[in-house]
Amino acid sequence: MSQVKRVTGAGRVLFWVALLGAALLTAPAVGQDTGAPVQEEQEDPNTRRLSLAEVIKMAREQSPSYQQALTQLENRTWQFQTYKSNYLPQLALYATLPSYTKDYERVTDPNTGEIRFVGVQSAVSSGHLELKQNIGLTGGVVSIDSKLQRIDNNGRHSYASNPVVVTIRQPIFNHNGLKWDRRTEPLRYEEAKRNFWEEMERIAVRATDLYFSQLQSQISYDIAQKNVANNDTLFKIAQARFYNAKISVNELLQLELSLLTSRQSLEQARLDIETTTLRLKTYLGITDTYPIRLVAPDQIPQFEVDEEMALKQARENRSRVIGIKREELDAERNLDWAEASSGVNADLFLQYGLTQRAESLGPVYEDPTSQQRINVGFSVPLMDWGRNKSRIGTAKANLKLVKANLEQQRVSFEQDVYLQVKRFKMLREQMKIAQQANGLAERRYLGAKDRYLNGKIGILDLNQAATERDSARRSYVSSLRNFWDAYYNLRLQTLYDFETNQPLTMPLPF
């Protein structure tokens, strides 16, 4: 460090002129800013201290993203219940109590052929109880009905009943949607459940990203506060040394510039931490105005990850594996529909029951007679100008394309899992190195500060040590961020917790 030599005569006059000029330059800073002791900001007693695990837990329980994922799963669950109900008996009651008519109707006399209008007053009441069951194997429907009707006409009434009617409706050669639903709907529901579990890990990844955004702002703010305090202390010491003619004006101004720069950085850091805190609170669904102080997750889990084990768990747990199978079935279903729709279509209708009529309610159920209906209808395409052929060709080409795309997706899926495991291992090692570098840089700065105060090194060496210390601290936090991001992405890619050796298929919340 350069020192100002003692001078005499004209030299002494020049020295005091330079000293006065420096004092005038630094007077506002000394009197207003740097002269007052730098006080550390007092922490708000309502400050909420949160760890990474607590932030993720809050995000998984109360964030808007969690509510959205829960609603989607609930929607899919009700759709699955609707699918299952299609294979269960359906009991329904239909009734008309009554249908009343008072009007003039046109009537033709059978003897004379004369047409005239006759006043009609009638009321029709009916009840119909139906038990219906879909036949999943064939796509048909079988139903059992019981009907009762009463007609009141111009003061007279009569009854008609169908105590039991058995009906079978069976499409022949048609597309059986119920059969395909049995294959695809359970897969859709399982895919939805796994999507929910994956969404919980995506929420963890997003919460981790916001957590470290605030933590980095918090670290930058702490560094800025410490730099202001250190630079203020060094500047005061430099003032005293300058007045004792031990350092040059240039070095004093350099220290004052460092102090002003650090204060500017502090103001920017304060704005950054307010911004990142607001984003984190919004994501977590926190509505209070209390500040948040995050605790750095320095303790990292120690476990080994085998690539083959990760691939095995990904194949067993991920929704994409189910989705690939389901999409292939959907393409095969479309082809089956196209082929069934292009050929002969037929419908068989069989009905057998009992029927009776009477003028009063009691006899209407006595000695009923049989009732039968048989109907077979069919349709055969004769000329469609290649429409059905084109429809089948399109479905076949689409199935071929889907299979090719899905095979490529399988390969990409496995590659992503493999690379994620490699990335996790690499970032864990980088984090350990960054942690060591952070400790070394801190110790180097403290040593450089002591040597500067003892006059063994200059201000440039001290500034370099401070810059390297701040850079090492930020690099360490950045490495922490990358590690935890890789940690939760590995869980997302495999739906498996390698720390506890358990799948992440948690119980559903309802």
Side-chain angles (χ1 to χ4, degrees), residues 55-92 132-136 139 141 175-210 279 281-287 313-337 398 402 405-406 409-410 413 416 488-489 491-497 502-510:
V55 167
I56 291 175
K57 184 175 183 294
M58 293 174 65
R60 286 173 172 170
E61 293 178 351
Q62 65 187 42
S63 68
S65 296
Y66 167 75
Q67 296 299 330
Q68 183 179 2
L70 185 63
T71 301
Q72 290 175 348
L73 176 61
E74 188 175 4
N75 190 329
R76 185 66 252 180
T77 300
W78 285 116
Q79 291 181 25
F80 184 67
Q81 294 299 326
T82 301
Y83 146 75
K84 291 198 299 183
S85 69
N86 292 333
Y87 300 87
L88 300 176
Q90 307 293 319
L91 182 63
K132 183 171 62 175
Q133 172 70 58
N134 290 323
I135 306 173
V141 180
H175 171 73
N176 185 359
L178 292 174
K179 182 188 71 174
W180 285 99
D181 284 345
R182 278 191 180 277
R183 302 177 65 185
T184 60
E185 290 306 311
L187 290 179
R188 292 184 196 278
Y189 182 55
E190 184 63 26
E191 185 180 4
K193 290 192 295 184
R194 298 188 184 190
N195 269 327
F196 175 77
W197 296 325
E198 289 175 13
E199 189 60 30
M200 293 302 97
E201 298 308 313
R202 291 189 185 94
I203 288 174
V205 171
R206 177 59 177 159
T208 300
D209 181 63
L210 293 173
R279 290 175 180 170
K281 283 185 173 182
T282 301
Y283 187 74
L284 297 181
I286 298 176
T287 57
Q313 294 300 327
R315 294 189 189 106
E316 292 180 357
N317 302 328
R318 285 292 304 278
S319 66
R320 191 66 202 118
V321 177
I322 300 293
I324 288 173
K325 186 185 301 182
R326 191 258 309 160
E327 289 179 18
E328 187 172 348
L329 283 176
D330 284 340
E332 292 176 356
R333 177 177 187 160
N334 292 334
L335 176 59
D336 180 75
W337 177 86
N398 184 62
V402 167
N405 289 338
L406 293 180
Q409 289 183 31
R410 288 189 187 96
F413 173 81
D416 290 342
Y488 284 106
N489 268 294
R491 288 164 56 101
L492 170 61
Q493 289 284 352
T494 59
L495 273 187
Y496 191 79
D497 187 350
Q502 292 180 346
L504 296 173
T505 51
M506 64 193 79
L508 297 180
F510 52 82

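We use all heavy atoms of the structure for the numbers below, so side chains are in, but hydrogens, waters and symmetry mates are not. By convention here, the first residue in the shown sequence is residue 1.
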Item to check | Interatomic distance, F196 atom CZ to Y66 atom OH [nearest 0.5 angstrom] | outcome: 5.0 Å
Next on the checklist: Under the salt bridge (Lys or Arg N to Asp or Glu O under 4.0 Å) definition, can you give me all pairs with a residue in residues 59-71, not counting sequence neighbours?
Outcome noted: K57-E61, R60-E201
Checklist entry - Would you find more than 12 non-hydrogen atoms of other residues, nucleotides or ligands less than 6.0 Å from R410 atom CZ? => result yes
Next on the checklist: Quick check: do N195 and Q72 have side-chain heavy atoms less than 4.5 Å from each other?
Outcome noted: no
Checklist entry - Partners of D497 by side-chain contact (heavy atoms from CB on, under 4.5 Å), sequence neighbours excluded? => result Y487, R491, E499, T500, L504
Checklist entry - Are the charged groups of D209 and R206 less than 4.0 angstrom apart, N to O? => result yes
Checklist entry - Do the side chain of Q90 and the main chain of S85 share a donor and acceptor less than 3.5 angstrom apart? => result yes
Item to check | Atom pair NZ (K325) and CG (D330), whose distance is rounded to the nearest 0.5 Å | outcome: 13.5 Å
Checklist entry - How many angstroms lie between atom CG of L335 and atom CH2 of W337, to the nearest 0.5 angstrom? => result 11.5 Å
Checklist entry - What are the two closest non-hydrogen atoms of P64 and G285, and how far apart are they? => result CD-N, 4.4 Å
Checklist outcome for this item: Interatomic distance, CG@N86 vs OG1@T82, rounded to 0.5 Å, equals 7.5 Å
Next on the checklist: If you compare all heavy atoms of R333 against all heavy atoms of T184, which two are closest, and at what distance to 0.1 Å?
Outcome noted: NH1-OG1, 3.7 Å
Item to check | Steps toward side chain to side chain donor-acceptor pair (under 3.5 Å) verdict (S319, E191) | outcome: CA-CA 5 Å; S319 66; E191 185 180 4; 5.5 Å; no
Checklist entry - Between Q493 and N489, does a side chain to side chain donor-acceptor pair (under 3.5 Å) hold up when you go through it step by step? => result CA-CA 6 Å; Q493 289 284 352; N489 268 294; 5.5 Å; no
Checklist entry - Got a salt bridge between E185 and R76, using NZ or NE/NH1/NH2 to carboxylate O under 4.0 Å? => result yes
Item to check | Residues K193, L73; criterion side-chain contact (heavy atoms from CB on, under 4.5 Å); working and verdict | outcome: CA-CA 7 Å; K193 290 192 295 184; L73 176 61; 4.2 Å; yes
Checklist entry - Residues in side-chain contact (heavy atoms from CB on, under 4.5 Å) with N334, at least two apart? => result none
Next on the checklist: Using 0.5 Å steps for rounding, measure from the OH atom of Y189 to the CD1 atom of I322.
Outcome noted: 13.5 Å
Checklist entry - Does a donor on one side chain and an acceptor on the other come within less than 3.5 Å for Q409 and N405? => result no
Item to check | Under 3.5 Å: donor-acceptor pair, side chain of N134, backbone of G136 | outcome: no
Next on the checklist: The test is side-chain contact (heavy atoms from CB on, under 4.5 Å); show your working for E332 and W180 and say whether it passes.
Outcome noted: CA-CA 9 Å; E332 292 176 356; W180 285 99; 3.9 Å; yes
Item to check | Under-4.0 Å salt bridge between E198 and R194 | outcome: no
Checklist entry - Is Y496 reaching over with its side chain to a backbone N or O of N317, donor-acceptor style, under 3.5 angstrom? => result no
Checklist entry - If you measure from the Lys or Arg side-chain nitrogens to the Asp or Glu carboxylate oxygens, is any gap between D181 and R188 under 4.0 Å? => result no
Item to check | Residue pair K132 / V141: nearest heavy atoms and the distance that separates them | outcome: CG-CG1, 3.4 Å
Next on the checklist: Quick check for you: to the nearest 0.5 Å, what is the distance between L329 atom CG and D336 atom CG?
Outcome noted: 11.5 Å
Item to check | Smallest separation among heavy atoms of Y283 and S63, with atom names | outcome: O-CB, 3.0 Å
Checklist entry - Hey, are the side chains of N75 and Q79 touching, using non-hydrogen atoms and a 4.5 Å cut-off? => result yes
Item to check | S65 and its side-chain contact (heavy atoms from CB on, under 4.5 Å) partner, picked from I203, L284, L70 | outcome: I203
Checklist outcome for this item: Closest heavy-atom pair, I56 versus A204, reported as atoms and distance to 0.1 Å, is CG2-CB, 3.8 Å
Checklist entry - Should the ring pair Y83 and Y87 be called parallel, tilted or perpendicular, given that the plane angle runs from 0 to 90° and is split at 30 and 60? => result perpendicular
Checklist entry - Salt bridge or not for R320 and E327, using N-O below 4.0 Å? => result yes
